[in-house]
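Structure, as structure tokens:
Values in this document were obtained by computation on a predicted structure and should not be read as measured data. We count ligands from 1, going down the list as the structure has it; atoms in each ligand are counted the same way.
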Amino acid sequence: MGLAATLLAIAACSPQRAPDMKITADDWATTGGDAGKSHHSKLSDINADNVGTLGLAWAADLGTNRVLEATPIVIDGVMYTSGVAGRAYAFDAATGQELWRFEPEVDMQVNRTVCCDMANRGVAVARGKVFVATLDAQLYALDSKTGKVMWKADTRDTPERGINSTGAPEVAGDVVVIGNGGAEYDVRGYVSAFDLETGKLSWRFHTVPRDPKLGPQDHPDLEAAVKTWDANSRWDIGGGGTPWDAINYDAETGNVIIGTGNGGPYHTVKRSPKGGDQLYLSSLVALDAKTGRVKWHYQETPGDNWDFTATQPMILTKMSISGEKDRPVVLHAPKNGFLYILDRRDGALLSAKPIVRMNWTKGIDPKTGKPIPNPDAADWALGPKIIFPGTPGARNWHPASYDPQTGLYYAPVQDMGNLILMPPADPPFQKKGLNTAATLFFTSDLEASLALLPPPLAAQVRALPAFADVKKLPASSELRAIDPLTGKAKWTVSMQGWQDRGGVLTTASGLLFQGNLAGQLRVIDKATGKLLKTIETGTSILAAPMTYRVKGVQYVAVMAAWGGGGYPYVPRYSAAYTRGNQGRLLVFKLGGGPVSLPAELPAPEIAGVPPAQAAGVTPATIAKGQALFYSVGCALCHSNQHRSITPDLRRMQPATHENFRKIVLEGLFVPTGMPRWDDLLKPDEVDAIHAWLIDAQVKVRAEELEKRKRGIPLDAPSLAILSNY
Ligand code: CA
């Protein structure tokens, strides 16, 4: 081989490093807009004086009825965003012309171990590549010009576990970092960093240790962490700690900061029986972006018992605090009800202020910076407890905005609790199954839930001190302008229900944009909370709006569709309930037009006649089927309610009844999203579930016939509940 040929061969082997893309002030270059992900824009062409003319510039129907959570990115006039299960799109940001779309092949069997819908929270864009992770935990690098796959990496360390991926990847220097979800199932959390150019794994950081009996830990940080766990922990279940959303690269320190998930199973006694803080559950952890080694950590909820993830989005900014001007800080409000300010150089806790009711802790110990436990109120291994905040969290994935001008943190905040109980029997470990080992009821409608419990147990719950708090305020959801130094709100705006908690955008021109489940995009005066403008879109909105400018025109864009945690329970006040859940990308500009509203759905129909029960079905069979439906996890997707996103199994068609075993055990509908369950369920168990559903269909049909006779709408609350009044 001659010299020239050798050089050519070397050139062909070494990957081409594309130049960094040119970012200008008109762009929105990360899911949070800037490097710190503040969800705040300096653009000010749209302001309080002219926002009255804001209207539709263009829209894209994304052909889905599942949730859209991403905040789009715009660089140099091109919009990049993600959709259901990790689809990706590029549009001309001014005209809406679709430039390309990426439709990954996703193994829908993954839905078995996805708690909270087929969500995806966005893409990252750098060096001519668009990075997106799919629901089945594959990371793709796509050519930003064409959408063609440049490389693909399987991010699963243990494919036999129920790993999924829903977060946006984060570019951190020469690597792209992605986390995973699945703490409700059997997953051990970790983040993986892949080389931007080649897709080769650079490092991986596990958030929780593995069984020490297997030998040394994967990395030295875990040798320290394992000492905070019981040596006889349920390592087989994985432990949780899954970093499924917040990952922020801090270029000033070279750290990538991750928020880690809750423990699995939920209660320590089922996970690390002798207790312990259990690092790095429910923590912020700063990792060296070059090596993946821990630089600092702060555990927000030591020994988590309450599904208190710390994965909620964080904001990297500068604040004058603790006597230092422009101190580099991370602002973080996780599920557990505190709003934290940490120094992002060393993780020093500067402030922790409660923003909602909380009884899981008595407050932060000023000496240690750790929360003081409150077992009498919150340890549900000691008996049923009402815990504030509840598992949906004071904050969840819905982005907040920090505005350096006002120094305020604008966020949707939920003030709600949970009744948590140990399940009556100790549930067995289910591989790739639900392993929370907890029974949960939200305080939003606690009385209705108590009616389902044995009367002595319900009486015990009513006697809890926190029950009085539930009576006072079962649940609320508000948009708040919060002073992060005090936790107090300067103003609040009520949302329609506790599930209504849309992400936020603020601008330098004094505006705040937020969507709601009724399908309105609302523009609010960020100084006062006053409503300036409402645009009816007819599609429920949870995702955060964003803004950008192309050729001198400022646009505001938002992705719209209901879903996420509890997605089968469609709120009655939502556009998803009245008009269906048509997933759309909506883009607005001054002088734009009206949004075309999806048609209202027709009135529901009476459930059909189900087949007769098979021979030998007894009330015990039906009861067994009902119990399995809830314990195995069927109920997580099938709420069996009117206008649920997934099929209401109380009104199955004859062909569905006929194929019931084939669907559940042989995977007849896997391509459309219904996984197979033959590893967890035996044929007679599937038959028992079917028997319960046939029984439910008989009952709902009888009730609906009665409603029709009385002239009551079919989707009105059930007659049994009505008759209690
Ligand atoms: Ca969780």
(message) Looking at Thr31 and Pro72, would you say the former's side chain and the latter's main chain have a donor-acceptor pair under 3.5 Å?
(response) no
(message) Can you tell me which residue among Trp360, Phe338, Tyr266 is in a ring-ring contact (aromatic ring centres under 6.0 Å, His included) with Phe308?
(response) Trp360
(request) Output the atom name for the N/O/S atom of Glu184 with the smallest distance to the Ca ion (ligand 1). (result) OE2
(request) Check whether the side chains of Gln278 and Arg271 place a donor and an acceptor atom closer than 3.5 Å, and report yes or no. (result) yes
(request) Could you tell me whether Trp397 and Trp244 have their ring centroids closer than 6.0 angstrom? (result) no
(message) Looking only at N, O or S atoms in Asp307, which is nearest to the Ca ion (ligand 1)?
(response) OD1
(message) Would you say the Ca ion (ligand 1) has Asn262 as a near neighbour, meaning an N/O/S atom of that residue under 3.0 Å away?
(response) yes
